[in-house]
Asks: 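A single structure is presented below for examination.
Each chain gets a letter, A, B and so on, in the order the sequences are listed, and its residues count up from 1.
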Amino acid sequence: LPQTPVRAAMNNIQQLIMILNSATDKPSDTLITYFNNCTVNPQDSILKRVESFHHIFKKKFAEAVGQGWAETGAQRYRLGVRLYYRVMESMLKSEEERLSVQNFSTLLNDNIFHTSLLACAVEVVMATYGRNASQSDGTSAETDLSFPWILNVFDLKAFDFYKVIESFIRAEPSLTREMIKHLERCEHRILESLAWQSGSPLFDLIKQSKEREGQTDQPETTST
Amino acid sequence: AQDYHFGLEEGEGISELFDCN
């Protein structure tokens, strides 16, 4: 059959669901081993965070699309959680190999790392369903759930989201070319504009690097 | 992923990006 944009999107959706069917809603045994190797075991905080964002995402999705679609939002979030655990495991395996380390206590107890990784996973699911595909399940075409909507849902700074994108792409080989292109567009949008909004952690990094270099002049404020 | 421009250096990964080393 000729490939139409809707059919292509549906294929992507089916591919994502197929990949995530074998993934679990809970941390795998391998992940639990990493958690147990930590100086401070992060498992409880990870499970509480996933549960907390489940309610937040479901509510925000329903507010954006309509109260009748709350369960659809919950279903998409659950797919995102599966991808989150799958990518986290892959990341830790590659870091263990690269650093010859098994205690990832600092990273796995970093709230921003987990929030960014989870947001990126849910963004992949949302982008896969996309605007056209979302019409196929009846959500209104006027509701723009495309990036950076996800940053508002997770109350996440754009630059913190940016920090996980490349490692996410490295860790998940089954991402489609379209999805990698989407994440790359997110990166560009963040670096070109979103990361320069007031309150961005990027300004702190610039300041710290200047201080480290012994320079005292302040970074330009966005207003300038 | 061939089209994607990987920017992390050889010795860099998610641990460095979140100041864990």
Side-chain angles (χ1 to χ4, degrees), chain A residues 38-39 42 87-88 90-117 120 159-188 191 201 204-205 208-209, chain B:
Chain A
C38 289
T39 310
V87 171
M88 188 193 316
S90 175
M91 274 184 180
L92 292 173
K93 282 177 180 174
S94 61
E95 287 295 83
E96 179 182 12
E97 189 178 335
R98 184 174 70 88
L99 300 170
S100 302
V101 166
Q102 290 179 332
N103 181 347
F104 293 99
S105 191
T106 307
L107 182 66
L108 292 179
N109 283 285
D110 186 327
N111 176 56
I112 292 178
F113 163 69
H114 286 288
T115 306
S116 302
L117 184 59
C120 192
F159 189 67
D160 289 329
F161 183 86
Y162 165 84
K163 287 196 293 189
V164 296
I165 292 177
E166 179 167 342
S167 300
F168 192 105
I169 291 170
R170 285 178 186 270
E172 184 49 78
S174 56
L175 289 177
T176 62
R177 172 176 285 182
E178 292 90 359
M179 188 48 61
I180 291 173
K181 277 286 168 207
H182 171 74
L183 291 175
E184 191 169 37
R185 281 193 296 273
C186 293
E187 274 189 330
H188 291 167
L191 285 184
D204 294 333
L205 280 180
Q208 288 166 20
S209 76
Chain B
Q2 297 98 327
D3 301 339
Y4 178 80
H5 174 69
F6 289 97
L8 288 175
E9 302 289 333
E10 190 65 30
E12 288 177 331
I14 196 72
S15 300
E16 284 76 18
L17 290 175
F18 283 87
D19 296 327
C20 301
N21 271 354

Asks: Do Tyr4(B) and Arg170(A) have side-chain heavy atoms sitting under 4.5 Å apart?
Replies: no
Asks: Against chain B, label Glu166(A) side chain, backbone, both or neither, depending on which of its atoms sit under 4.5 Å from a heavy atom there.
Replies: both
Asks: Quick check for you: to the nearest 0.5 Å, what is the distance between Phe113(A) atom CZ and Asp19(B) atom CG?
Replies: 13.0 Å
Asks: Identify which of Met179(A), Lys181(A), Glu187(A) forms the greatest number of heavy-atom pairs closer than 4.5 Å to chain B.
Replies: Glu187(A)
Asks: Using 0.5 Å steps for rounding, measure from the CD1 atom of Ile14(B) to the CZ atom of Phe104(A).
Replies: 11.5 Å
Asks: In sequence, state the C-alpha distance, the side-chain angles, and the governing distance for Glu16(B) and Lys163(A), and then conclude on salt bridge (Lys or Arg N to Asp or Glu O under 4.0 Å).
Replies: CA-CA 10 Å; Glu16(B) 284 76 18; Lys163(A) 287 196 293 189; over 6 Å; no
Asks: I need the Glu96(A) CD to Ser15(B) OG distance, nearest 0.5 Å.
Replies: 11.5 Å
Asks: Can you tell me how far CG of Asp160(A) sits from CZ of Phe18(B), rounded to the nearest 0.5 angstrom?
Replies: 6.0 Å
Asks: Any idea which heavy atoms bring Ser167(A) and Gly13(B) closest together, and the distance?
Replies: OG-C, 4.4 Å
Asks: Mind checking whether Ile169(A) and Phe6(B) have side chains closer than 4.5 Å, heavy atoms only?
Replies: yes
Asks: Main chain of His5(B), side chain of Glu184(A): is a donor-acceptor contact present, judged purely on distance under 3.5 Å?
Replies: yes
Asks: Name the region of Ile112(A), side chain, backbone, both or neither, that has any atom closer than 4.5 Å to a heavy atom of chain B.
Replies: both
